[in-house]
Amino acid sequence: MLQTIALLVIFISAPVVATLLFFISAPYGRHFRDGWGPSLTARAGWMVMEAPALLVIGLTVLASGQKVGPLTLLLLALWEVHYLYRTCLFPVLMRGGASRRFPLLLVAFAFIFNSLNGYANGTFLAATPSLTDGGFISGLRVCIGIALFAAGFATHVWADRDLRHLRAPGEVGYKIPRGGLWEYVSNPNYFGEITQWCGWALATWSLPGLAFAVFTMANLVPRAWANRRWYEATFNDYPRERKSVIPFVF
Ligand code: NDP
């Protein structure tokens with residue numbers, strides 16, 4: 001029942017969030033502005049809002065008492081690796097922007113989303129001892145899904161690292177990232193994140209997986225568009241041919 005409610009909330013809110021974000025960019029990072037109530041540091045904000053994603057899924061599977069198979073365990077481990085990175089490593093490593101303010105309101109929204117999402121996906125994993133029916137097609141689907149997940153993860157970790165290295169420790173300004181995927185899109189980190197959760201949806205072949213992939217796109221596609229417009233408005237020499245997030249497409 002709670003899983004159904006969580007999925008309804010995610011599926012219904014995704015188009016609303018996407019539409020709103022095309023008009024009002026979420027006020028954090030380069031788009032931070034006053035007037036959004038109390039705030040905390042970006043570093044603390046990332047740690048607090050991502051923590052439920054790290055904890056809830058594992059606790060949900062554990063609390064179910066169900067015995068899950070090796071593929072399901074592998075998927076759970078991949079999720080946890082991603083959220084260990086996002087909750088613990090990314091905020092500690094971030095430069096300059098770590099001391100930037102981050103509205104409590106956004107932290108609260110993300111905290112609720114991550115709790116619902118972790119619960120919905122955890123409930124699915126606990127109820128799915130095997131992710132394949134033993135056939136070739138389902139085996140191939142899971143392999144492609146895991147490969148996409150791994151490629152997406154590597155892409156956004158690599159892009160986050162590139163961004164970090166644009167700043168010396170303590171520096172807070174912005175520069176134009178160059179080279180590799182940066183020549184194709186303004187936000188390869190978002191491209192990696194979207195690829196990763198599409199891979200998760202494919203590997204799990206589940207409504208919770210689909211819900212998360214859809215919500216990630218609803219969140220990151222408008223943000224990527226706003227970031228690209230911000231780059232163009234901020235730097236005269238910003239390469240206009242770069243797309244926002246999907247190479248050659250958008
Ligand atoms: P950004 O790309 O806006 O920023 C990432 C970091 O790089 C921040 O510390 C930022 O500093 C810094 N940075 C960004 N651009 C530049 C630049 N041109 N020069 C110097 N430093 C720069 O990403 P987000 O903060 O929006 O997201 C961080 C990660 O979280 C991403 O990998 C993203 O994929 C993921 N994410 C996932 C979501 C999901 O729905 N699954 C939702 C949101 C994010 P500053 O903070 O000062 O701007």
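In listed order, ligands and their atoms are each counted from 1. Numbers for residues simply follow the sequence, beginning at 1.
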>> Tell me whether Asp237 at atom CG has more than 12 heavy atoms from other residues, nucleotides or ligands lying less than 6.0 Å away.
In response: yes
> Taking ILVMFWY side chains as joined if any heavy atoms are under 4.5 angstrom apart, and letting links pass through other members, which residues group with Leu8?
Replying inline: Ile12
> Taking any residue with a non-hydrogen atom under 4.0 angstrom from an atom of ligand 1, which ones do you get?
Replying inline: Tyr28, Gly29, Arg30, Trp46, Arg86, Phe90, Met94, Gly97, Arg100, Asp160, Leu163, Leu166, Arg167, Gly173, Tyr174, Lys175, Asn189, Tyr190, Glu193, Thr216, Asn219, Leu220, Tyr231
>> Are there over 12 heavy-atom neighbours, none belonging to Phe111, within less than 6.0 Å of that residue's CZ?
In response: no
> Any ion pair linking Glu193 and Arg86 (charged N to carboxylate O, less than 4.0 Å)?
Replying inline: yes
> In the hydrophobic clustering (ILVMFWY, side-chain contacts below 4.5 Å, transitive), which residues join Leu62, or is it alone?
Replying inline: none
> Members other than Leu140 in its cluster, when Ile, Leu, Val, Met, Phe, Trp, Tyr link by side-chain heavy atoms under 4.5 Å?
Replying inline: Phe136, Ile137, Ile144, Leu148, Leu202, Trp205
